[in-house]
Amino acid sequence: MAAAKKVCIVGSGNWGSAIAKIVGVNAARHDQFDTTVNMWVFEEMVNDRKLTEIINTDHENVKYLPGHKLPPNVLAIPDLVQAAEGADILIFVVPHQFIIRVCDTIKDHVKKDAIGISLIKGIDVGPAGLKLISQVIREKLGITMTVLMGANIANEVAEEKFCETTIGCKDKVHASILKDLMQTENFRVTVVEELDVVEICGALKNIVAVGAGFCDGLGFGDNTKAAVIRLGLMEMIAFARVFCTDCPVSPVTFLESCGIADLITTCYGGRNRKIGEAFAKTGKTIEELEKEMLGGQKLQGPATATEVHHVLKQKNMVEKFPLFTAVYQICFNGHPVSEFISCLQNHPEHM
């Protein structure tokens with residue numbers, strides 16, 4: 001019989017802790033997994049106690065997922081190398097700005113036949129252009145990568161409210177293992193092979209959600225928000241076609257949870273919409289709102305808008321993506337938020 005697979009969750013914020021609930025239960029239930037699930041926790045003090053000590057004693061991440069018990073077999077470890085060493089499955093769930101530093105820290109300590117699964121919704125832009133986070137991890141660590149994206153608001157997943165998610169994975173054996181690790185009665189997993197498209201959906205929908213938040217802050221109604229969602233989806237599909245040149249981009253993937261479902265959820269709930277609304281109402285900067293409303297956690301939408309803008313400039317395609325461009329210009333270049341509606345009014349009918 002094959003040795004039980006050791007699992008490590010790299011990250012322990014709101015989403016990381018919600019996933020730890022699922023992964024902990026499934027690892028204990030299936031013989032193919034080692035019962036103990038390591039979770040790397042960035043050490044901080046909460047009420048004069050170490051966060052790792054609180055998680056390991058009280059089985060609750062009181063800072064990022066308060067009110068939800070984590071399974072007792074989830075072990076919080078403050079040392080990243082120690083947490084990841086010997087893992088057969090690495091679940092990456094840190095803000096995308098930190099992924100390069102994380103990979104550089106563990107690259108000499110990761111098994112070469114490990115499977116990685118990225119739950120990180122963002123992209124990276126370097127001199128060579130746009131890179132997906134899974135690609136960054138694959139290049140840094142030399143391991144097989146997969147992705148998980150979907151309409152998955154962390155608190156609702158933690159509350160075990162029914163939802164779906166999408167795993168992008170080309171290898172059927174890996175897909176089966178990851179489905180066993182992730183799927184529950186209330187967290188339904190569909191596997192598709194177009195992992196690049198799955199991942200791009202997860203990143204781009206956060207830009208659209210910031211725009212949806214602007215609409216809410218400006219006092220526009222559901223009709224306007226529906227237009228933002230539709231036009232945003234069109235830009236997501238068009239951007240995927242520009243970027244995913246290795247294989248044809250199937251519109252069907254956008255009908256999975258990673259596509260339209262995640263887009264709708266994020267445009268009605270989620271932190272990107274919330275901060276977009278506050279930005280329009282208060283006139284405060286994105287950075288100020290992150291500190292006030294997210295306890296310093298980083299927002300993905302504006303950062304992704306910046307990275308997408310760099311790529312569109314490189315390709316001389318800024319004018320073809322008016323919604324993405326407007327979110328970037330409003331967040332960072334001082335364009336008035338009231339201008340957002342004109343980007344909808346002047347949006348090309350066909351892309």
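These figures come from a predicted structure and were not determined experimentally.
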**OP:** Could you walk me through whether K50 and E43 pass side-chain contact (heavy atoms from CB on, under 4.5 Å), step by step?
**Re:** CA-CA 7 Å; K50 289 180 177 177; E43 191 69 279; 3.6 Å; yes
Subject >> salt bridge (charged side-chain N to carboxylate O under 4.0 Å, His left out) against K281, all qualifying residues, sequence neighbours excluded >> reply: E277
Subject >> Side-chain hydrophobic cluster, 4.5 Å single linkage: members besides V192 >> reply: V147, M149, L195, V198
Original post:
Where do C331 and F279 come nearest, in terms of heavy atoms and distance?
Top reply: CA-CZ, 4.0 Å
Original post:
CD1/I115 to CD1/I91 distance, rounded to the nearest 0.5 angstrom?
Top reply: 10.5 Å
**OP:** Could you tell me the separation between the CD atom of E288 and the CD atom of E290, rounded to the nearest 0.5 Å?
**Re:** 10.5 Å
Subject >> Polar side-chain atom of Q300 near backbone of G122 as donor-acceptor pair, under 3.5 Å >> reply: no
**OP:** Kindly check if the number of other-residue, nucleotide or ligand heavy atoms within 6.0 Å of CD (E44) is above 12?
**Re:** yes
Original post:
Nearest 0.5 Å, what's the CZ-CD1 distance between F214 and I341?
Top reply: 10.5 Å
Subject >> K121 side chain to P95 backbone, donor-acceptor under 3.5 Å >> reply: no
**OP:** Would you indicate whether the side-chain heavy atoms of P322 and S342 approach each other to under 4.5 Å?
**Re:** no
Subject >> Pairwise side-chain contact, T304 with F324, heavy-atom cut-off 4.5 Å (strictly under) >> reply: no
Original post:
Measuring from I153:CD1 to C163:SG, what's the distance to the nearest 0.5 Å?
Top reply: 9.5 Å
Original post:
Is the number of heavy atoms from other residues, nucleotides or ligands within 6.0 Å of CG (N333) greater than 12?
Top reply: yes
Subject >> Listed partners of H109 passing side chain to side chain contact (heavy atoms under 4.5 Å, CB included), at least two apart >> reply: V81, E85
Original post:
Which atoms form the tightest heavy-atom contact between L299 and I275, and what is the distance?
Top reply: CD2-CG2, 3.6 Å
Original post:
Taking the side chain as C-beta and beyond, is there a heavy-atom pair between M236 and C201 under 4.5 Å?
Top reply: yes
Original post:
Taking everything shown except K315 itself, do over 12 heavy atoms lie less than 6.0 Å from its NZ?
Top reply: no
Original post:
Is the backbone of P78 close enough, under 3.5 Å, to the side chain of W40 for a donor and an acceptor to pair up by distance?
Top reply: yes
Original post:
Do other residues, nucleotides or ligands put more than 12 heavy atoms under 6.0 Å from D113 CG?
Top reply: yes
Original post:
Would a 4.5 Å heavy-atom cut-off, applied to side chains only, mark F92 and L141 as touching?
Top reply: yes
**OP:** Check the surroundings of atom NZ in K111: do more than 12 heavy atoms from other residues, nucleotides or ligands lie under 6.0 Å from it?
**Re:** yes
Original post:
Residues sharing L75's hydrophobic cluster, by side-chain heavy-atom contacts under 4.5 Å among ILVMFWY, directly or via others?
Top reply: I77
Original post:
Is a side-chain donor or acceptor of S257 paired with a backbone partner of A151 at a separation under 3.5 angstrom?
Top reply: yes
**OP:** Could you check if a side-chain atom of E156 sits within less than 4.5 angstrom of a side-chain atom of T265, using non-hydrogen atoms only?
**Re:** no
Original post:
Is a side-chain donor or acceptor of N38 paired with a backbone partner of A76 at a separation under 3.5 angstrom?
Top reply: no
Subject >> Minimum heavy-atom distance T224-C215, with the two atoms named >> reply: CG2-SG, 3.7 Å
Subject >> Chi angles and distances behind the side-chain contact (heavy atoms from CB on, under 4.5 Å) call for D222, Y268 >> reply: CA-CA 10 Å; D222 285 340; Y268 278 91; 3.8 Å; yes
Original post:
Just by modelled atom types, is the G24 backbone N or O under 3.5 Å from a matching donor or acceptor in the N73 side chain?
Top reply: yes
**OP:** Test V318 against H309 for side-chain contact (heavy atoms from CB on, under 4.5 Å), laying out the working first.
**Re:** CA-CA 7 Å; V318 170; H309 189 71; 4.0 Å; yes
Subject >> Test salt bridge (charged side-chain N to carboxylate O under 4.0 Å, His left out) applied to K107 - qualifying residues, sequence neighbours left out >> reply: D104
Original post:
Would you call the rings of F243 and F239 parallel, tilted or perpendicular, where under 30° means parallel and over 60° means perpendicular?
Top reply: parallel
Original post:
Do I100 and K140 have side chains that get closer than 4.5 Å, going by heavy atoms?
Top reply: yes
Subject >> V210 reachable from I123 in the ILVMFWY side-chain graph, under 4.5 Å edges >> reply: yes
Subject >> Audit row: E199, S134, side-chain hydrogen bond (donor to acceptor under 3.5 Å, both in side chains) steps and yes/no >> reply: CA-CA 8 Å; E199 190 167 4; S134 65; 2.5 Å; yes
Subject >> Taking every non-hydrogen atom, the tightest pair across L70 and A20 >> reply: CD2-CB, 4.4 Å
Subject >> Contacts of type salt bridge (charged side-chain N to carboxylate O under 4.0 Å, His left out), residue E193, not counting sequence neighbours >> reply: K172
Original post:
Within the distance-only criterion (no hydrogens, no angle test), does the side chain of E194 pair as donor or acceptor with the backbone N or O of T253 below 3.5 angstrom?
Top reply: no
May I have the list of side-chain donor-acceptor pairs in residues 4-11 shorter than 3.5 Å, sequence neighbours left out?
none

Subject >> Non-neighbouring partners of F332 that pass side chain to side chain contact (heavy atoms under 4.5 Å, CB included), sequence neighbours left out >> reply: P302, T306, Y328
Subject >> Residues, nucleotides or ligands: over 12 heavy atoms within 6.0 Å of K225 NZ >> reply: yes
**OP:** Answer yes or no: is there a side-chain heavy-atom contact under 4.5 Å between C267 and V208?
**Re:** yes
**OP:** Give the minimum heavy-atom separation between G232 and L323, together with the two atoms involved.
**Re:** N-CD1, 3.9 Å
**OP:** Kindly compute the distance separating CD (Q97) from CD1 (I120), expressed to the nearest 0.5 Å.
**Re:** 10.0 Å
Original post:
So do I177 and I89 actually touch side chain to side chain, heavy atoms under 4.5 Å?
Top reply: yes
Original post:
Counting heavy atoms not belonging to N346, are there more than 12 under 6.0 Å from its CG?
Top reply: yes
Original post:
Okay, side chain of S17, backbone of S12: is any donor-acceptor separation there less than 3.5 Å?
Top reply: yes
**OP:** Working to the nearest 0.5 Å, report the span between CD1 of I133 and NE2 of H96.
**Re:** 5.5 Å
**OP:** Looking only at non-hydrogen atoms, find the nearest pair between L65 and E60 and report the distance.
**Re:** O-CG, 4.2 Å
**OP:** Taking salt bridge (charged side-chain N to carboxylate O under 4.0 Å, His left out) as the test, write out the residues that go with D196, two or more places apart.
**Re:** none
Original post:
Who else is in the cluster with F162 when I, L, V, M, F, W and Y are joined by side-chain contacts under 4.5 Å?
Top reply: none
**OP:** Using side chain to side chain contact (heavy atoms under 4.5 Å, CB included) as the criterion, list what pairs up with V46, not counting sequence neighbours.
**Re:** L51, I54, V62, K63
**OP:** Sequence neighbours left out, what passes side chain to side chain contact (heavy atoms under 4.5 Å, CB included) with A154? Give chain and number order.
**Re:** N14, W15, A18
Original post:
Just by modelled atom types, is the V93 backbone N or O under 3.5 Å from a matching donor or acceptor in the S118 side chain?
Top reply: no
Subject >> Flag if over 12 foreign heavy atoms under 6.0 Å of CD, E339 >> reply: yes
Original post:
Okay, side chain of K69, backbone of D58: is any donor-acceptor separation there less than 3.5 Å?
Top reply: yes
Original post:
Going by atom types alone, do T52 and N56 pair a side-chain donor with an acceptor below 3.5 Å?
Top reply: no
